[in-house]
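Written out below as structure tokens is the structure these notes cover.
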Amino acid sequence: PPVPQAHVNAFFPNGRRGFHAGKGDAEVQRLNAELSSRQGRYRRPATWKAYAGPWRNAWAWIAPKLRRDLQIETGAPARPTVADLSRHAYLAHAWAQKRSKSQKIGAVTKTCTAINFAMHLHELPPIMNRWPMVMLREVMRRDLGRPVKKMHELRHEETANIVESWGFGSDCPWRRQVALMMALGRALLLRSADLFVLQVRGILFLPEGVLLCVAFRKNTAQGKYTWLPLADSGMRHSTVALLRLHLERLGYAVPARHQRGDTDGARRVGSGHIGDNKGFLFRPMKRRGNYTHEHKREYTLQGGSRCMAANKTTGYKVTLSLMRRALRECCDYSAELSRKFGTQSLRRGGDTALFDGGVTQEKRQLLGMWTTPSVELSYIGFSTQQHLRWARPTAL
């Protein structure tokens, strides 16, 4: 989708919005104006929006002080620009210190990132990576940082129970959808944001399993899509079988199962003579009724034209709540224990299963698209029994 021009313009206060083009050649000026008009496509709309707010707040506080300093230096009225701020970085550093009063590391980090983004757009060096800001962020981490609380990884037994009970054992659409999200997220090492953008037209059935297209991911280049393979175990209640059932109940015509020896390649849902294949695979879940007790709450799946990520109340929040409810109802977990699971539990569970299965770290990184080995290792969960077994060779 197009980026609102207001988000782009916010980063060019009292200054040029285009690139330098000289004053001589009209064609050069025209081409550079066209080049400038493409800036909005440099990052996704959500990225522009995320940075625009912190930058507006920073500039509103900095500009008057920068104007005063420029006037003192030159003796004449000044109209401050971003280039002027680059030469007076101490003002941006002072604003970051003011933001640190909120006692939130994230607020300072986002402020620094937004200001550096503005510098980048003006072809200026980043000013929030200098020593004062490095020191501020480190001090805040030491003073305010808390141990990272990792969610439990979703294990095979838990996933199988949920798929059996909510996926195949219930005729409730939203229960089936939650079960499929948990099974699919664990199998493909997906984040909730990845699950939310899966589209039916990006699903290809193969003899060995399924290919699913993720429109964009956190750890890929902006605007890039990824194809992920889902292996078919061939079992009656497999993740692939649940995916087929979910698509059928949504009203799609799913390609027939490949027979042994088939070599006709991929088959797309709703392609060709089968019919329409538009819509998101997972639908926003809207609460219905006025029940206050969580175990009595019911939900309705909305249409497939809207992404679950568009609204947290019908997307992320309800997904997290229902995943924990599935653990309570299908695995007999207590409310306290279920709260130790989150959407990251899917990705952690899948990576832990690969680790337990002896898959090398290089392959795990490729499957989960981790670029840093230490980050990938942080997703693996292991039990005390496993730890003791590994440590046994060192015991006296």
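Remember, it's a predicted structure, so these values are computed and weren't measured experimentally. Only this structure's heavy atoms are used, side chains among them; waters, hydrogens and symmetry mates stay out. Counting from 1, the numbers follow the sequence of the chain as shown.
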| query | How many angstroms lie between OG in S36 and CG in L31, if you round to the nearest 0.5 Å? | reply | 12.5 Å

| request: Would you give the length of the straight line joining atom OG1 of T239 to atom NE2 of H246, rounded to the nearest 0.5 angstrom? | output: 13.5 Å

| query | In terms of hydrophobic clusters joined by side-chain contacts under 4.5 Å, are Y316 and M151 together? | reply | no

| query | If two hydrophobic side chains count as joined below 4.5 Å and joins carry through other members, does L154 share a cluster with L337? | reply | yes

| said: Taking salt bridge (Lys or Arg N to Asp or Glu O under 4.0 Å) as the definition, give me every residue that meets it alongside D332, ordered by chain and number, with sequence neighbours left out. | reply: none

| message | Could you see if L245 belongs to whatever hydrophobic cluster contains L198? Use Ile, Leu, Val, Met, Phe, Trp, Tyr and a side-chain cutoff under 4.5 Å. | response | yes

| query | Would you find a donor on one side and an acceptor on the other, under 3.5 Å apart, between the side chain of R267 and the backbone of A256? | reply | yes

| task | Could you walk me through whether V269 and L204 pass the side chain to side chain contact (heavy atoms under 4.5 Å, CB included) test, one step at a time? | result | CA-CA 7 Å; V269 176; L204 300 177; over 6 Å; no

| said: Counting neighbours of CD on E34 that are heavy atoms of other residues, nucleotides or ligands and sit closer than 6.0 Å, is the number greater than 12? | reply: yes

| Taking every non-hydrogen atom, the tightest pair across W227 and G202 | CZ3-O, 3.4 Å

| Donor-acceptor pair, side chain of T352 and main chain of R348, under 3.5 angstrom | yes

| field | Closest contact, heavy atoms only, I162 versus C331 | value | CG1-SG, 4.4 Å

| remark: When rounded to the nearest 0.5 Å, the distance separating CD1 of I115 from CH2 of W59 is 10.5 Å

| said: Just checking K65: does its NZ atom have more than 12 heavy atoms from other residues, nucleotides or ligands closer to it than 6.0 angstrom? | reply: yes

| said: Donor-acceptor pair, distance only, cut-off 3.5 Å: does the side chain of H7 make one with the backbone of A46? | reply: no

| task | Give a yes or no answer on whether the side chain of S238 reaches the backbone of S233 with a donor-acceptor pair at less than 3.5 Å. | result | no

| message | If you compare all heavy atoms of M181 against all heavy atoms of L195, which two are closest, and at what distance to 0.1 Å? | response | O-CD1, 3.7 Å

| Got a donor-acceptor contact below 3.5 angstrom from the T111 side chain to the A107 backbone? | yes

| request: With the side chain counted from C-beta on, respond yes when Q361 and R364 share a heavy-atom pair under 4.5 Å apart, and no when they do not. | output: yes

| message | Less than 6.0 angstrom from the centroid, inside 45 degrees of the normal: does R325 satisfy that with respect to the ring of W174? | response | no

| field | Side-chain donor or acceptor of S345 paired with backbone N/O of F341 under 3.5 Å | value | no

| request: Please confirm whether the backbone N or O of K317 pairs with a side-chain atom of S321, one donor and one acceptor, at under 3.5 Å? | output: no

| Residue pair R175, S170: steps toward the side chain to side chain donor-acceptor pair (under 3.5 Å) verdict | CA-CA 7 Å; R175 281 187 170 86; S170 170; 4.7 Å; no

| Is the number of heavy atoms from other residues, nucleotides or ligands under 6.0 Å of R288 CZ greater than 12? | yes

| Using 4.0 Å as the upper bound for N to carboxylate O, is an ion pair formed by E138 and R142? | yes

| Taking the six-membered ring of Y379, is the NZ or CZ of R347 close enough (under 6.0 Å from the centre) and on axis enough (within 45°)? | yes

| query | Under 3.5 Å, is there a donor-acceptor pair linking the side chains of D143 and Q103? | reply | no

| Roughly how far, to the nearest 0.5 Å, is the CG atom of L184 from the CG atom of L230? | 6.0 Å

| query | Would I105 and R137 count as a side chain to side chain contact (heavy atoms under 4.5 Å, CB included) if you check the C-alpha gap in whole Å, the side-chain angles of each, and the deciding distance to 0.1 Å? | reply | CA-CA 7 Å; I105 298 174; R137 291 194 291 269; 5.9 Å; no

| task | Decide yes or no for M308 and T314: does some side-chain heavy atom of the first lie under 4.5 Å from some side-chain heavy atom of the second? | result | no

| said: Checking ring-ring contact (aromatic ring centres under 6.0 Å, His included) between W48 and each of W55, F11, Y42, which is the one that passes? | reply: F11

| Around R244, counting heavy atoms of other residues, nucleotides and ligands shown, do more than 12 lie under 6.0 Å from its CZ? | yes

| Flag side-chain contact, heavy atom, 4.5 Å: M128 against M119 | no

| remark: Note: V197 and A215 closest approach over all heavy atoms is CG2-N, 4.0 Å

| Between Q97 and L136, does a side chain to side chain contact (heavy atoms under 4.5 Å, CB included) hold up when you go through it step by step? | CA-CA 8 Å; Q97 169 61 18; L136 175 63; 3.5 Å; yes

| note | With sequence neighbours left out, the residues meeting side-chain contact (heavy atoms from CB on, under 4.5 Å) with L70 are L66, E73, A78, P80, D84, H88

| query | To the nearest 0.5 Å, what is the distance between CD (Q365) and CG (L189)? | reply | 12.0 Å

| For the side chain of R283 and the backbone of F280, is there at least one donor-acceptor N/O pair under 3.5 Å apart? | yes

| Do other residues, nucleotides or ligands put more than 12 heavy atoms under 6.0 Å from the CZ atom of R306? | no

| task | Would you please classify the geometry between the W390 ring and the F382 ring as parallel, tilted or perpendicular, with 30° and 60° separating the classes? | result | tilted

| Straight-line distance of L281 CG to C307 SG, nearest 0.5 Å | 11.0 Å

| remark: For P54 and A50 the tightest heavy-atom approach is CD-O, 3.1 Å

| field | Side chain to side chain, Q39 and L121, heavy atoms closer than 4.5 Å | value | yes

| request: Considering non-hydrogen atoms only, spot the tightest contact between R176 and G167 and give its length. | output: CG-O, 3.7 Å

| query | Okay, side chain of K49, backbone of P4: is any donor-acceptor separation there less than 3.5 Å? | reply | no

| request: Flag the pair E153 / I380 as yes when at least one side-chain heavy-atom distance between them is below 4.5 Å, and no otherwise. | output: no

| field | Note: E158-R155 ion pair, threshold 4.0 Å (strictly below) | value | no

| field | Within one Ile-Leu-Val-Met-Phe-Trp-Tyr cluster: V178 and L320, side-chain cutoff 4.5 Å | value | yes

| task | Determine, stepwise, if the pair M140 / S100 fulfils side chain to side chain contact (heavy atoms under 4.5 Å, CB included). | result | CA-CA 8 Å; M140 290 191 71; S100 72; 3.6 Å; yes

| Student check: side-chain heavy atoms of M323 and T343 closer than 4.5 Å | yes

| field | Residue pair V134 / N129, side-chain heavy-atom distance below 4.5 Å | value | no

| task | With the side chain counted from C-beta on, respond yes when L190 and L346 share a heavy-atom pair under 4.5 Å apart, and no when they do not. | result | no

| request: Indicate, with yes or no, if V359 and W370 share a hydrophobic cluster defined by side-chain heavy-atom contacts under 4.5 Å among Ile, Leu, Val, Met, Phe, Trp and Tyr. | output: yes

| query | Is it true that R257 and D232 have a side-chain N and a carboxylate O under 4.0 angstrom from each other? | reply | yes

| said: Under 3.5 Å, is there a donor on one side chain and an acceptor on the other for Y51 and N116? | reply: no

